[in-house]
2 protein chains.
Amino acid sequence: MSRSRDAVHEILRQSAAFRSAQDIFTEMRADGSKIGLTTIYRALQALNDDGRVDVLRTDDGEAVYRACATSAHHHHLVCRGCGLTVEVDGPDVEVWAERVGAEHGFTAITHTVEVFGTCAACAKG
Amino acid sequence: MSRSRDAVHEILRQSAAFRSAQDIFTEMRADGSKIGLTTIYRALQALNDDGRVDVLRTDDGEAVYRACATSAHHHHLVCRGCGLTVEVDGPDVEVWAERVGAEHGFTAITHTVEVFGTCAACAKG
DNA sequence: AACCGTTTTGACAATCATTTTCATTTTCTG
DNA sequence: CAGAAAATGAAAATGATTGTCAAAACGGTT
């Protein structure tokens, strides 16, 4: 529901990179929208609750969001330069995480795995 | 150098969990120290620059620190209940990350991998 | 011990992302 | 269309972190 939420979702769909709330706000305002920053935060939170967008934290603690193609469990390969993101799979990693947890008596294992690098385009400068 | 920095380092050494700046501040003040919060932030930053402490972000974006036993590359298995942390190794994961990056033309690959779970003690309640 | 330049420290203000509050507007539903 | 419920935006409140700056602690030197 809600027009704003769809608009925010749409912005994310059109971007291959993770985007911050401020970032989305700036783009939408530039496009003539009168949306408020608060609404964007609410939309992102709702989209995330519904599993429609993924969120991760940058090194400086800012939350960034992305509309991923799949809702299945996956990881990200993110370009440090332009933010270009590729969704990747890591069956071995899933198994490893479970095993490591079990070996130390931990249960209800979850994990976060993100891979960073410089994409081919950015490497050229 | 600096007394405060050693004091902060010492607090971390005595904890198996990741700790926040505020958290460390509260403990030191309770112990009678007159240290300021600013100094703690500076100490943590310096210790991190020197590679003496690891840092990671909680889900709500707070930075938490830990003095790890090894300075070599490793990952963490963290208890969601008490924060108890075990340093773990994942050779397969390193290889996987490199391969995934290379497959997509990315260079200068790095990665973050953290495993969360409930430790045996916390599972008992 | 008194002196002096350097480093460290801590109180306080400033920043920045995010959340809350609250009154207004929009959307639904009957 | 009325009236209730949900959504919105502006502005204030939070909370972590950083910047500022003057006071305090050091270190080495007479």
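First the proteins, then the strands, lettered A, B, ... as listed; each starts at 1. Keep in mind the model is a prediction, meaning the values are calculated, not measured.
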What is the distance from [atom1] of [X] to [atom2] of [N], rounded to the nearest Å?
| X | N | atom1 | atom2 | result |
| --- | --- | --- | --- | --- |
| A:L44 | C:dT19 | CG | P | 10 Å |
| B:L47 | C:dT8 | CG | P | 13 Å |
| A:L56 | C:dA17 | CG | P | 16 Å |
| A:Q45 | D:dT8 | CD | P | 13 Å |
| B:D59 | D:dA16 | CG | C1' | 16 Å |
| A:E62 | C:dC16 | CD | P | 11 Å |
| B:D60 | D:dA16 | CG | P | 9 Å |
| B:D6 | C:dT7 | CG | P | 18 Å |

How close do [X] and [Y] get, heavy atom to heavy atom, and via which atoms?
| X | Y | result |
| --- | --- | --- |
| A:T118 | A:A123 | CG2-N, 3.7 Å |
| B:V8 | B:M28 | CG2-SD, 4.1 Å |
| B:W96 | A:V88 | CZ2-CG2, 4.2 Å |
| B:L47 | B:R5 | CD2-NE, 3.8 Å |

Phosphate contact (D:dT8 OP1 or OP2) by A:R3 side-chain N/O below 4.0 Å: no
Short side-chain N/O contact from A:S2 to OP1 or OP2 of D:dA6, under 4.0 Å: no
CG (A:N48) with more than 12 external heavy atoms under 6.0 Å: yes
Residue B:D59 excluded, over 12 heavy atoms near CG under 6.0 Å: no
Nucleic acid contacts of residues 16-43 of chain A, taken as heavy-atom distances under 4.0 Å to DNA chain D: A:R29, A:K34, A:I35, A:G36, A:T38, A:T39, A:R42
Plane angle bin for A:H75 and A:H111 - parallel if under 30°, tilted between 30 and 60°, otherwise perpendicular: tilted
A:D31 and A:S33: side chain donor to acceptor below 3.5 Å: no
B:H73 and B:D89: side chain donor to acceptor below 3.5 Å: no
Inter-end axis angle, the helix from C:dA1-D:dT30 to C:dG30-D:dC1, with every axis fitted to five base pairs (rounded, 10 degrees): 20°
